[in-house]
Amino acid sequence: MSAKGVDGRTVVLTGASSGIGAHAARQLADRGATVCLIARREDELEQVRTEIEATGGTAHIYAVDLTDTAACDAVAAELLAEHPVIDAIVNNAARSIRRPIAQATDRAHDYERTIAINYLAAVRLTLALVPRFVEQGQGHVVVSSTLSTQVPIPLFSAYLASKSALESFARSLTAELGGQGVTSTIVHFPMVRTEMSSATSIYAAMPMMAPERAAGWIVKAVDRRPARVSRLGGIAGEIAMSAVPGVTTWLTRPFFRRMDEQLSRRTRS
Ligand SMILES: NC(=O)c1ccc[n+]([C@@H]2O[C@H](COP(=O)([O-])OP(=O)(O)OC[C@H]3O[C@@H](n4cnc5c(N)ncnc54)[C@H](OP(=O)(O)O)[C@@H]3O)[C@@H](O)[C@H]2O)c1
């Protein structure tokens, strides 16, 4: 059997209780995957499982705080014991913080709590599965990241640093283990209408991708195993940031400032 495809696969998906993750769980299950769903809110996970089972799919749920290292190790052991083959893990659980660096000078904990879930928990869970992936001769690691690591948007330094670290880990994984069938995909989502983006009130006025559509990007990552899923604009931004980072940052700074001003005006009116 080719390593690609969704039907018949067992996929571990974190952050499956809401937003993009909940939709991805349903879409993967609709396409024949057995999904192992992880998040803290058990009732929400139970709801996703009920919906999947109602349409004939198979879902297992694991209610756990992934930043609790003992609980993370325990859930990894449970997954390995319960599922003889695990084909992919989607590291999608995350938190975001929007705060200017100048207002975070006494808030090092912002950086600690974003990195705890967005990077360290994802790495911890993935590392636990790597020996199984190598033993199987195949395994795929998807990481949910953002367009804003391609062209950095101001005010999200803690969040973006944690996502860049996760991307770097994913790239190293393919570089080191790709020859043994273990690969990764970085998914660069644009703004998506979910609980996470709704936390910033001015974003209510911003056009955003629907979470169902964003979930399709995760399905694509699991199905086809590309190195990256991104908009062309994100790739162009990455090229500009690599070639002329100073100029690109200088040009985008007023653009982002105007965007925030316009959104604030629209939210007030
Ligand atoms: N929305 C956007 O505009 C956007 C843009 C770019 C990238 N992304 C990325 O897309 C992914 C999904 O985000 P979303 O927009 O769908 O947000 P969301 O609805 O807030 O989902 C976040 C998920 O992470 C889980 N989670 C958070 N902390 C956790 C913890 N300590 N342990 C276990 N699970 C935890 C949450 O579940 P519990 O609360 O139940 O634990 C929830 O299921 C994230 O990686 C995000 O960074 C989103």
Side-chain angles (χ1 to χ4, degrees), residues 12-27 35-49 61-76 79 89-98 112-126 141-153 155-156 158-167 169-170 185-200 202-204 206-218 221 228-231 233-234 263:
V12 176
L13 173 57
T14 73
S17 59
S18 62
I20 301 167
H23 285 285
R26 294 184 203 102
Q27 291 181 22
V35 287
C36 304
L37 309 177
I38 303 179
R40 290 166 301 184
R41 288 171 293 174
E42 190 161 12
D43 289 351
E44 279 77 354
L45 285 177
E46 193 59 71
Q47 172 71 29
V48 178
R49 172 164 66 180
I61 61 168
Y62 304 84
V64 62
D65 181 345
L66 289 170
T67 63
D68 174 339
T69 53
C72 185
D73 290 346
V75 83
L79 287 165
I89 175 166
V90 182
N91 289 298
N92 173 73
R95 70 178 303 156
S96 173
I97 296 178
R98 181 177 185 270
E112 287 163 2
R113 59 204 179 120
T114 40
I115 210 114
I117 180 63
N118 300 2
Y119 175 65
L120 293 173
V123 168
R124 193 173 190 95
L125 190 57
T126 302
V141 178
V142 179
V143 300
S144 284
S145 192
T146 161
L147 172 66
S148 301
T149 56
Q150 297 172 297
V151 185
I153 187 172
L155 311 186
F156 286 92
Y159 175 70
L160 295 186
S162 67
K163 290 294 187 184
S164 293
L166 185 60
E167 289 179 19
F169 173 75
T185 302
I186 297 166
V187 183
H188 291 281
F189 290 117
M191 292 298 290
V192 182
R193 185 73 62 201
T194 65
E195 287 175 23
M196 183 179 282
S197 53
S198 303
T200 305
I202 61 164
Y203 290 166
M206 183 189 257
M208 288 191 198
M209 183 181 267
E212 295 85 341
R213 181 145 170 245
W217 287 24
I218 287 184
R228 168 176 64 193
V229 182
S230 170
R231 278 187 168 159
L263 289 172

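For ligands, and for the atoms within them, numbers begin at 1 and follow the listed sequence. Because the structure is predicted, anything quoted here is derived from the model rather than measured.
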Shortest reach to atom 33 (C) of ligand 1 by a heavy atom, considering only Val64, Thr14, Leu13, Thr146: Val64
Is Ser162 reaching over with its side chain to a backbone N or O of Tyr119, donor-acceptor style, under 3.5 angstrom? no
Side chain to side chain, Ser144 and Ile218, heavy atoms closer than 4.5 Å: yes
Going by heavy atoms, is Glu44 under 4.0 Å from ligand 1? no
Which of the ligand 1 atoms, numbered from 1, are nearer than 4.0 Å to a heavy atom of Ser144: 11 (C), 45 (O)
What residues, two or more places apart in sequence or in another chain, satisfy side chain to side chain donor-acceptor pair (under 3.5 Å) together with Ser96? none
Interatomic distance, CD@Glu42 vs CZ@Arg49, rounded to 0.5 Å, equals 8.5 Å
A student checking ligand 1 against Tyr159 at a 4.0 Å heavy-atom cut-off should list atoms 6 (C), 7 (C), 8 (N), 9 (C), 46 (C), 47 (O)
Heavy-atom contacts with Asp65 under 4.0 Å: which atoms of ligand 1 show up? List them by number with element. 30 (C), 31 (N), 32 (N)
Protein contact of atom 36 (C) of ligand 1 - nearest heavy atom, named by residue and atom, plus distance: Ser17 OG, 3.8 Å
Quick one: which ligand 1 atoms are inside 4.0 Å of a heavy atom on Thr67? 31 (N)
Tell me the nearest of His188, Arg40, Arg41 to atom 27 (C) of ligand 1, using heavy-atom distances. Arg40
Are any of the N/O atoms in Lys163 less than 3.5 Å from those in ligand 1? yes
Below a 4.0 angstrom heavy-atom separation, can you tell me which part of Ala121, side chain or backbone, both or neither, approaches ligand 1? neither
What is the nearest protein non-hydrogen atom to atom 16 (O) of ligand 1, stated with its residue, atom name and distance? Ile20 N, 2.8 Å
What's the shortest distance from atom 13 (O) of ligand 1 to any protein heavy atom, and which residue and atom give it? Met196 CE, 3.9 Å
Students should be able to answer this: which protein heavy-atom is nearest to atom 21 (O) of ligand 1, and at what distance? Ser18 OG, 3.4 Å
Would you give the length of the straight line joining atom CG of Asn92 to atom CG of Leu13, rounded to the nearest 0.5 angstrom? 6.0 Å
Indicate yes or no: does an N/O atom of Thr194 lie under 3.5 Å from an N/O atom of ligand 1? yes
Could you tell me, atom by atom, which parts of ligand 1 come under 4.0 Å of a heavy atom of Ala16? 43 (O)
protein heavy-atom neighbour closest to atom 4 (C) of ligand 1 works out as Pro190 O, 4.1 Å
Atom 22 (C) of ligand 1 sits nearest the protein heavy atom Ala94 O, 3.8 Å
Ligand 1 to Phe189 polar contact by distance, N or O atoms, under 3.5 Å: no
For ligand 1, the portion of Ile117 having any non-hydrogen atom under 4.0 Å away: side chain
So which heavy atom in the protein is nearest atom 11 (C) of ligand 1, and how far is it from that ligand atom? Asn92 OD1, 3.1 Å
Any Ile38 heavy atom less than 4.0 Å to ligand 1: no
So Met209 and Trp217, do their side chains get closer than 4.5 Å, heavy atoms only? yes
Geometry only, no angles: is Gly15 polar-contacting ligand 1 at N/O separations under 3.5 Å? yes
I'd like to know whether ligand 1 has Ala214 as a neighbour, heavy-atom separation below 4.0 Å. no
Please could you name the atoms of ligand 1 that Ala93 approaches to less than 4.0 Å, counting only its heavy atoms? 24 (O), 25 (C), 26 (N), 34 (N), 35 (C)
Taking atom CZ of Arg40 and atom OG1 of Thr67, what is their separation to the nearest 0.5 Å? 7.0 Å
Return the minimal non-hydrogen interatomic distance between Ser164 and Thr149, and the atom names on each side. OG-CG2, 3.6 Å
Using only heavy-atom distances, determine whether the side chains of Thr200 and Arg98 contain a donor-acceptor pair under 3.5 Å. no
What distance do Ile38 atom CD1 and Ile61 atom CD1 have between them, rounded to the nearest 0.5 Å? 11.0 Å
Side chains of His188 and Glu167: closer than 4.5 Å at any heavy-atom pair? yes
So which atom in Gly19 and which in Thr194 form the shortest heavy-atom distance, rounded to 0.1 Å? CA-CG2, 3.9 Å
Spacing of CG belonging to Leu166 relative to OG1 belonging to Thr146, to within rounding of 0.5 Å: 12.0 Å
For Gln47, all residues meeting side chain to side chain donor-acceptor pair (under 3.5 Å), sequence neighbours excluded: Glu51
The atoms of ligand 1 lying under 4.0 Å from a heavy atom of Gly19, numbered in the order shown, are 16 (O), 19 (O)
Under 3.5 Å: N/O of Leu66 near N/O of ligand 1: yes
Name the closest protein heavy atom to atom 3 (O) of ligand 1, giving the residue it belongs to and the distance to 0.1 Å. Val192 N, 2.7 Å
Let me confirm one number: the CD1-CZ distance from Ile20 to Arg213, rounded to the nearest 0.5 Å. 12.0 Å
For Tyr159, which of Asn118, Ile153, Ile97 qualifies under side chain to side chain contact (heavy atoms under 4.5 Å, CB included)? Asn118
